[in-house]
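Data first, discussion second: the structure below is written as structure tokens.
Chain letters run A, B, ... following the sequence lines, proteins first and then strands; every chain starts at 1.
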Amino acid sequence: MSLEEWQRRLEAIAPELIAELSEHKEPAKGLPPLEGVEGGVVMRFAPNPNGPPTLGSARGIIVNSEYVKKYGGRFLLRFDDTDPVKKRPMPEAYRWYIEDCEWLGAKPDQIIVASDRMPYYYQAAEELILAGGAYVCSCEQAAFKELKDKGIFCPHRDQSPEEAMSLWAKMLSGELQEGQAVLRVRTDMSHKDPAIRDWAAFRIVTAPHPMVGSKYRAWPLLDFESAVEDHLLGTTHILRGKDLADSERRQRYVYDYLGWIYPKVVHWGRIKIHQFGSFSTSKLRKAIEAGEYCGWNDPRVPTVRAMECRGIRPEALRKFMVDLGVGETDISISMDSIYAENRRLVDPAANRYFFVWDPVKLQIEGDVPEVAKAPLHPTSDRGFREIPAGNEVLVCNNDLEGLKPGDRIRLKDLCNIEFVSMEPLKARYVGTEVESSKGKKMKIIHWAPVNGLPIRVMGPEKTDEGIGEAGIASELGKVVQFERYGFAKINCLGEPIVACFAHR
RNA sequence: GCUCCGGUAGUGUAGUCCGGCCAAUCAUGCCGGCCUUUCGAGCCGGCGACUCGGGUUCGAAUCCCGACCGGAGCACCA
């Protein structure tokens, strides 16, 4: 039977199969779909404000807000600042998160600060106690762990709700001291996963909290605070790191006791960045306090502010994070993709300038034009910059490597020269026509006027000092391209002008 | 020790739920060419992967079992 015959027979027997075959599976674009999104979603990003957002935070901010954009609903920024000591919040960091969210194009619809909402947690704790879901445990931490590992009940576990309630009151009143008691959720001491067994919901911390001082002495732990908040806020979907993968199974006990409905959860793996290695906010904070970096926006640091400072566009970050998706695999990414994305955005907009690093003076005999006219952009017609030239200019020292007297090169947008001597550095003018340089495939280098502006370019790997043309001073806050060097953002017009390097 | 999760090119990613459109997608990277008064941009071409072993099946990246590798949790941290 021929192919055509088969085709015809199939059409006769099962036309729906043909239709299915010809229907192409659309390649999935963007983020994977979420379940149960009818009526919109409520999603939150919940950091501890103990430093500014990092690239890791950016992923959380962007992906959460992207889903809200996709399905409609509300994007919440919630500060889980319930540890006044070990993860001590920084008062400035609250503002930093809000600013960076907005900069990333993810302005929160609501901002929640956990330390402001303690009464809710106390109320939930009491409901939980009354429902028989929690007890006050005064075991020593290590002793409890031992029991827990063996799956044995601790002596406090059989408390009645009334007993638990009166002990809870003592936690709040100050009759019980720090370390003497915790409120525990009654789960299942024989649960096969020890991580789930009777976890602590509240502990006593007497140190003042940076935001609310000594107003409270019983502080909820993350799993409890977050469980209550997600219910209160009507969170529909939670995006959570794999490190918190146990939270759902723990928090479900609270939800079940109180008759709440648990949100849908998606996990994602850890993210590491080649160029920055592994970093943590607390590690960064230490290094910055020690003066190793000049602040949270130092170009060597993986914070969102540092990206902004370097001229990375929020759109580049968004595109990148959306492309990463939400896999549970741990990933190790490279900044290269972000740079490529950003270059696409920034290249059409950035004016071109000459910046000469490691400058050396070059004397040129002859009729060198007094001023060069160079386009601000190679392809879009944005006019010209005028650069004073003359018989003395500056060039990069490393462009001289391998050159000898008699060699000819072209100074871009100026003229062609022939080297007369390398030490001292002298050359002579041999014409201005581009054509003669082109035909001979002459090397083309850039240069700077001797009375140019001192420039410092700080980058993630190194800092370069040199001289640039005067027009750079009119680009404050903008990204420019230093020809044959890379893109940088002009951040400060002092002496020197300070720019941050973005990428090549 | 107990528990959970994951393994597609150098790096990410699509496909895995519902096995045949997959001799496996896209991006980035790398290599070569063209173009360009920048080592930038653009254009063209190329490189490169289903962790391994069994099983089920006419057919497996996709389902099952095992191994190996990697990550995470078992805090009075978030």
Heavy atoms under 4.0 Å, any strand shown: does A:Ile204 hit a base, just sugar-phosphate, or nothing?
nothing
Dot-bracket pairing map - RNA chain B, Watson-Crick plus G-U, both contacts under 3.5 Å, | cross-strand
(((((((..(((.......[.....)))((((((.......))))))...(((((..]....))))))))))))....
Compare side-chain N and O positions of A:Arg240 against OP1 and OP2 of B:A72 and report whether any pair is under 4.0 Å apart.
no
With a non-hydrogen cut-off below 4.0 angstrom, is A:Asp198 in contact with a base, only sugar-phosphate, or nothing?
nothing
For A:Tyr262, look at atom OH and say whether over 12 heavy atoms of other residues, nucleotides or ligands are found less than 6.0 Å away.
yes
Ring centroid separation A:Tyr485 to A:Trp357 under 6.0 Å:
yes
When we call it a touch if two heavy atoms are under 4.0 Å apart, what does A:Phe487 touch: a base, just sugar-phosphate, or nothing?
sugar-phosphate
Could you check which of B:G1, B:G70, B:C76 has an atom nearest any side-chain atom of A:Lys242?
B:G70
What I want to check is whether the side chains of A:Asp347 and A:Gln481 have a donor and an acceptor closer together than 3.5 Å.
no
Nearest whole angstrom, please: distance from the C1' of B:U38 to the CG of A:Leu411.
13 Å
Report yes if the distance between the aromatic ring centroids of A:Phe482 and A:Phe354 is under 6.0 Å, otherwise no.
no
Does a side-chain N or O of A:Arg197 approach OP1 or OP2 of B:C2 to a distance below 4.0 Å, or not?
no
So if I apply the side chain to side chain contact (heavy atoms under 4.5 Å, CB included) rule between A:Leu239 and each of A:Met43, A:Arg44, A:Lys264, which one comes out positive?
A:Met43
Identify whether any heavy atom of A:Leu222 sits under 4.0 Å from a base atom; if not, whether one sits that close to sugar-phosphate; answer base, sugar-phosphate or nothing.
base
How long is the line joining CG of A:Asp83 and P of B:A78, in whole Å?
5 Å
Atom NZ of A:Lys148 to atom C1' of B:G73: distance rounded to whole Å?
10 Å
If we take the P atom in both B:G29 and B:G19, what is their distance in whole Å?
37 Å
Can you work out whether A:Gly179 or A:Pro378 has the more 5'-proximal nearest nucleotide on RNA chain B?
A:Pro378
Have a look at A:Ala245 and say if it touches a base, only the backbone sugar-phosphate, or nothing, with a 4.0 Å heavy-atom cut-off.
nothing
What interatomic distance, in whole Å, is found between P of B:A41 and the corresponding atom of B:A60?
43 Å
Report yes if at least one side-chain N or O of A:Lys86 is closer than 4.0 Å to OP1 or OP2 of B:C77; otherwise report no.
yes
For A:Cys415, report the nucleic acid contact type (base, sugar-phosphate, nothing); a contact means any heavy atom under 4.0 Å.
nothing
At under 4.0 Å between heavy atoms, what does A:Lys412 touch on the DNA or RNA strands: base, sugar-phosphate, or nothing?
base
Between A:Phe202 and A:Tyr122, what is the ring plane arrangement, given parallel below 30°, perpendicular above 60°, and tilted in between?
tilted
Using ring centroids (six-membered ring only for Trp), state whether A:His156 and A:Tyr135 fall under 6.0 Å.
no
Counting heavy atoms from C-beta on, name the nucleotide in B:C74, B:G12, B:U37 closest to the side chain of A:Leu324.
B:G12
Separation of B:A75 P from A:Phe224 CZ (nearest whole Å)
19 Å
Which nucleotide wins on minimum distance to the side chain of A:Asp330, given the candidates B:C4, B:G71, B:C5?
B:G71
If you compare all heavy atoms of A:Ser380 against all heavy atoms of A:Pro348, which two are closest, and at what distance to 0.1 Å?
OG-O, 4.3 Å
Please report, rounded to the nearest Å, how far the C1' atom of B:A78 is from the CG atom of A:Asn48.
5 Å
A:Asp188 CG - B:C2 P separation (whole Å):
18 Å
Would you say the side-chain atoms of A:Asp81 pair up with the backbone N or O of A:Ser115, donor to acceptor, closer than 3.5 Å?
yes
OP1 or OP2 of B:U28 less than 4.0 angstrom from a side-chain nitrogen or oxygen of A:Arg344, does that happen here?
yes
Could you measure between the two P atoms, the one in B:G42 and the one in B:C64, and give it in whole Å?
44 Å
Students often get this wrong, so: under 4.0 angstrom with heavy atoms, is A:Thr379 touching a base, only sugar-phosphate, or nothing?
nothing
Please give the distance between the C1' atoms of B:A49 and B:A14 as a whole number of Å.
13 Å
Between A:Gln481 and B:G40, does any side-chain N or O lie under 4.0 Å from OP1 or OP2?
no
Find the distance A:Asp246:CG to B:U3:P and express it as a whole number of Å.
13 Å
Ignoring backbone atoms, test whether A:Thr82 places a side-chain nitrogen or oxygen under 4.0 Å from the OP1 or OP2 oxygen of B:A78.
yes
If you assign A:Glu483 and A:Ser332 each to the RNA chain B nucleotide with the nearest heavy atom, which residue ends up on the more 5' nucleotide?
A:Ser332
C1'-based separation of B:G55 from B:U8 [nearest Å]:
22 Å
Would you tell me if any nitrogen or oxygen in the side chain of A:Lys443 comes within less than 4.0 Å of OP1 or OP2 on B:U37?
no
Would you classify A:Asp243 as touching base, sugar-phosphate or nothing, given that sugar-phosphate means primed atoms plus P, OP1 and OP2, and contacts are heavy atoms under 4.0 Å?
base
What contact category does A:Asp413 fall into here, base, sugar-phosphate, or nothing, at under 4.0 angstrom with non-hydrogen atoms?
base
Can you tell me how far P in B:G15 sits from the matching atom in B:C58, rounded to whole Å?
29 Å
Taking the C1' atom of each, how far is B:A27 from B:C47, in whole Å?
16 Å
Exceeds 12 heavy-atom contacts within 6.0 angstrom, atom CD of A:Glu92
yes
Can you tell me how far P of B:A72 sits from CH2 of A:Trp268, to the nearest Å?
17 Å
Please state the C1' separation for the pair B:C50 and B:G6 - nearest whole angstrom.
15 Å
